[in-house]
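Structure record follows, encoded as structure tokens.
Counting convention: from 1, in listed order, for ligands and their atoms alike. Computation of the quantities below employed the complete heavy-atom set of this structure, encompassing side-chain atoms and omitting hydrogens, waters and symmetry-equivalent molecules.
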Amino acid sequence: MEVFVMNRDQIICPCLDITAGQIMDAYKEGAKSVEAIKEVTGAGTACGACLDEIEELIQSL
Ligand code: FES
């Protein structure tokens, strides 16, 4: 199985220019669900195409 490594600078949500690092930080500060991440960072609130990736990312934290 591949180890899930995410570069902090990788853009997860191109619509709002949200990076993996921003999502990781939001998670650390208590946004433990996709809904919470959306609220805190704005990621996933436009087209929604990145929602699966956000889910995957927070599952890996
Ligand atoms: S890529 Fe995140 S809302 Fe469009």
Residue C47 vicinity, atoms of ligand 1 by number, heavy atom under 4.0 Å: 1 (S), 3 (S), 4 (Fe)

Whether C13 has an N, O or S atom under 2.8 Å from atom 4 (Fe) of ligand 1: no

Side chain to side chain, K32 and I58, heavy atoms closer than 4.5 Å: no

Min side-chain heavy-atom separation V34-I37 under 4.5 Å: no

A46 neighbourhood, listing ligand 1 atoms whose heavy-atom distance to it stays under 4.0 Å: 3 (S)

N/O donor-acceptor pair under 3.5 Å between E29 side chain and A26 backbone: no

Proximal ligand 1 atoms for G48, defined as those under 4.0 Å from one of its heavy atoms: 3 (S), 4 (Fe)

Per-atom contacts, ligand 1 versus P14 - under 4.0 Å to a heavy atom: 1 (S)

Ligand 1 atoms in contact with G44 (distance to a heavy atom under 4.0 Å): 2 (Fe), 3 (S)

Check: K38 main-chain N/O paired with T41 side-chain donor or acceptor under 3.5 Å: no

Distance filter under 4.0 Å to C15 heavy atoms, resulting ligand 1 atoms: 1 (S), 3 (S), 4 (Fe)

Atom 4 (Fe) of ligand 1 to nearest N/O/S of C50 below 2.8 Å: no

Heavy-atom pair of closest approach, residues A20 and N7: CB-O, 3.4 Å

Shortest non-hydrogen contact between T19 and I12, atoms and distance: C-CG1, 4.0 Å

